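Single-structure report; data block below.
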Amino acid sequence: MELPTYAFQRERLWLDAGVVSGDVAGLGQVAVEHELLGAGVGVAGAGGVLFTGRIARSSHPWLADHAVSGVVLLPGAAFVELVVRAGDEVGCGRVEELMLAAPLVVPARGAVRVQVVVGAVEDGGRRSVGVYSGSGEGEGVQGSWVCHATGYVAPESDADPRSRSQFGQSELLSGVWPPAGAVGVDLDGLYEGLAAQGYEYGPLFQGVRRVWRGGGEVFAEVGLPEGVSVEGFGLHPALLDAALQAAGFGSFVPEEGGGGVRLPFAWSGVSLFASGASSLRVRLWPVGDDGFGVELADAAGLPVARVDSLVTREISAEQLNAASGTSARTESLFRVDWTPTAHAPLTESPSCVLLGIGSELAGAFGKNTPVASDPAAIVTDRTGRVPEWVLVDVDAWASAPSETQAMPTAVRSITARALALIQQWLSDDRWASSRLVWVTRGAIGVQAGESVPGLASSALWGLVRAAQSEHPDRFALLDLPPADGLGDAADAMSDPMDRVLAALAVGASQLAVRDGELLSPRLAPAHAPTAEALDETGGQEFGKAVTGTVLVTGGTGGLGAVVARHLVAEHGARRLLLTSRRGLDTPGAAELVAELGELGARVDVVACDVSDRSALRDLLAGVADEAPLTAVVHAAGVLDDGVVETMSPDRLDAVMRPKTDAAWYLHELTAERELDAFVLFSSAAGTLDGAGQANYAAANVFLDALAQHRRGQGLPALSLAWGLWSERTGMVAALEGSDLDRIGRSGVRPLATAEGLALFDAAAALGEPVVLPVRLDLAALRSRPQDQVPDIVRKLLGGPARRTAAATSAENDRAALIRRLAELAPADRDRLLLDLVRGQVAAVLGYAGPEAIEPERGFQELGVDSLGAVQIRNRLGVATGLRPPTTLVFDYPTPAAVAGYFKEHLAPTDEEATADLMREIVRLEAAVAAAAVSPGDAGLAPAADRLRALAARLSQGGAGRPEREDEADIDAVTADELFDILDGELSAD
């Protein structure tokens, strides 16, 4: 198997989906046959023409291959393509000039409306032109529009595009290629280098094939990938973009000076002479001090296009931030809504056991519900079956913390004990068909403004959510109102508890009961509230002028350093207190201090373990009175990833202390201070998919609950449950390429630094205690099997969960698989199971298909880690309807060995197959005897032939070949079908 030539090798598969214009004539418009424009219409009384289009990643998936610093932009070449096409429609095919004013961000979801407005004829026949985008759909006729480009188009003045005056020098026309004296350029690492600069080109835009330099000019060959259609374009934007990329090999493109990227800015004299090109010869030469000209020809040297001059402009992260701000605010900010849960009434009472001696809930799930201290003490029924539901009353089972017990100690004690029970539960096969339900009280914030009195149990929610991701259908979570809200009347709780069990029975995995209503968490877009709502919720905002001292924990590296720069550069912070374990000894810390100092900030860096209450108290006491502490950003944290079976109390402690302990101490020690902002850097792993990060998920859910708790007490708080950042520093630096690929396949894309900072600002103004800034790939989520889509995102995907149907389907699939295996010859049976295993392994590892997985190659050699092993096991469990052991991949270390496991548990043995066959023969003999027809009857001939063929095949061990064409499908004939054939033949007489 060859190693890939690139660090990341991606393959995109899509259907061509251009603009669907429909019957625009029926709407009073004229159809425009173009990929980016759908229709045009003359503007009465003005003499101009309006062209409209709709751009989306769903209809134009190739645009996703053009990203700059993590933001998908419409290429500058596409603006030229739009204007050239609009100009052609009005007889003005030459673009005299086109100035790009602002980038056009192509959102991950939804569409952008595009207008190209061509003005009336002016002197010389030229017309003004402008390109605009509208902010999505569903905003009515007017909407809001942003101007992205303005310029002029004019009629072509030279009828001979091959003339030297119009097409420049003769290198492309001479037939000598490459030009004499030109020296080839090594292109190794070209696109990796561009990616490091922020030009994140996908396969379609990686079109530079060869480059030469000579005489101060650059020559190149560029092309589109094989099979890419150029229909609907004058010149495909990806092809023109590739030609412009070659300019980087010349000395006429200014070097970046401010750490930004260069994008096309001012085009002059653009002419298109031929359409339909899929490859080009390119010549580029310097024009003026900071521009260059471009000539494009086909493989025969005939003119395709010319650009007299193109000037590029450097664009900073802040400018990209401004361009993507609207998109970021509407697409990548989410909140958790607890919504009423539909359920069907129970048809029969399920069997339950309650863990927690002395639990107040003993009667709530049924007056005869048995109570036990731990699973080992649970007694099976008379048939030896274990209960369907084992409910853990966390308060009674784990001994709720006393008033005097330190919160961090209580949190880690409950979480460690929960981890032990999870591991015990998973290690005992007798619980494979049961579900463990964790019952907490007031451990999470569900309703606006409510505090979290059960805060000590909140981290357990993150731990169990991670276990749910790794082991579907084994665990559930239920949060009841606080203990003082339960009352002492179990009867008052019986109806909600019946509904709880009914919801659990149809697959609900996370529930809360409030005011007698059953609620489930669903992710929803977070929209900016009204001013009145902000007043009510105590919303916070850093604003443009931060006063006093801002404390940033973990502030010398990773996201802490990124935010520190942002607070100084964008919010005017002038006093920063940055902490980390190593202080100024942290690599890059001294440079960061110097950089911030040049921006006008005074920065103190202190080595401090913020999980040490005494050290943190001393740190805060040292804040100068003339610049009191006004804001806290808690960004400290560490990672120690692993599946839940490999976790230990020590690994929990190592990850939770910098998060949970420090956050609580910051809460305690600043409670009497007048803070403007208290921001906690949490993680979406605690809410969405914490597989392989049980300890990290637990720590971050505590931060989310603490923010809700503070808001309930009238204190400022915001927990940002971040998705993945593209910033490869700090904790993210430990992630390998396989980790990033897996995260991407799960539906989470990295946030560019500029986008993340835009979300930081936007979230601070929302008034929500917990916000999830996450760049979700809904297409990737929709492509996942139904059983593998988290319930919490289903509302975003636009479809209801149908767990009951999915479960029935799985049972049917298993039965169908068993029947199919029984009907196959042994070799075909082995092949089917091996292909099934290889397919699921390929899906987990991101391979193109099962053929890429070598059957005898070890899983470890294939790149399967412990989390990948869990995912393979889960996918195979869904595909087969079995519950394979959690150690499947380790006990059976190759795909072939795993296929052998499923053969053992699904395929019939030789003895079983022989017994089944003998039973079918007895049935067949009875059917023949019952027919009572003459043995010499000619109508029996076809049936007799089939029986002889079956007998011959049986005597040859299944290798017999049918003698006639109409017997070709004999292998696929089932016993019932054979009876039908025989009955038909016998009854024909």
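Just so we're clear, the structure is a prediction, and the values are computed from it rather than from any experiment. Atoms considered below: every heavy atom in the structure, side chains included; atoms not considered: hydrogens, waters and symmetry mates.
- The heavy-atom pair separating A707 from P769 by the smallest distance is CB-O, 3.5 Å.
- A heavy-atom distance below 4.5 Å is not found between the side chains of L688 and F334.
- Under the side-chain contact (heavy atoms from CB on, under 4.5 Å) test applied with V870, the options V643, D865, V844 reduce to a single match, V643.
- Geometrically, R710 engages F678 in a cation-pi contact defined by less than 6.0 Å to the ring centre and at most 45° from the axis.
- For the 3.5 Å distance criterion, the side chains of S648 and D650 fail to qualify, holding no donor opposite an acceptor.
- For E626, the CD atom is densely surrounded, since the number of other residues' heavy atoms within 6.0 Å is greater than 12.
- You'll find the side chain of Y665 reaches within 4.5 Å of the side chain of P408, heavy atoms only.
- Residues L666 and T553 meet the side-chain proximity criterion, which asks for heavy atoms closer than 4.5 Å.
- Side chains of V632 and L675 form a contact here, defined as non-hydrogen atoms less than 4.5 Å apart.
- Checked by atom type and distance alone, the side chain of R574 never pairs as donor or acceptor with a backbone atom of R602 at under 3.5 Å.
- Classification of E668 and R613 as a salt-bridged pair holds, one side-chain N sitting under 4.0 Å from a carboxylate O.
- In this structure, T312 and L263 have side chains that are not in contact, with every pair of non-hydrogen atoms separated by 4.5 Å or more.
- Aromatic ring pairs are classed by plane angle as parallel below 30°, tilted from 30° to 60° and perpendicular above 60°; the pair H66 and F205 is tilted.
- At least one side-chain heavy atom of D65 sits less than 4.5 Å from a side-chain heavy atom of P203.
- A salt bridge links R412 and D661; the closest N-O separation between the charged side-chain nitrogens and carboxylate oxygens is under 4.0 Å.
- A distance-only check finds a donor-acceptor pair linking the side chain of R465 to the backbone of G686 [under 3.5 Å].
- S580 contributes a side-chain N or O that, together with a main-chain N or O of G583, makes up a donor-acceptor pair within less than 3.5 Å.
- Annotation: side chain of L766 is in contact with side chain of L333 (closest heavy-atom distance under 4.5 Å).
- Between the R651 side chain and the T646 main chain, a donor and an acceptor come within less than 3.5 Å of each other.
- Looking at R57, its side chain never comes within 3.5 Å of a backbone N or O of A64 through a donor-acceptor pair.
- Side chain of K659 to backbone of F681: a donor-acceptor contact under 3.5 angstrom is found.
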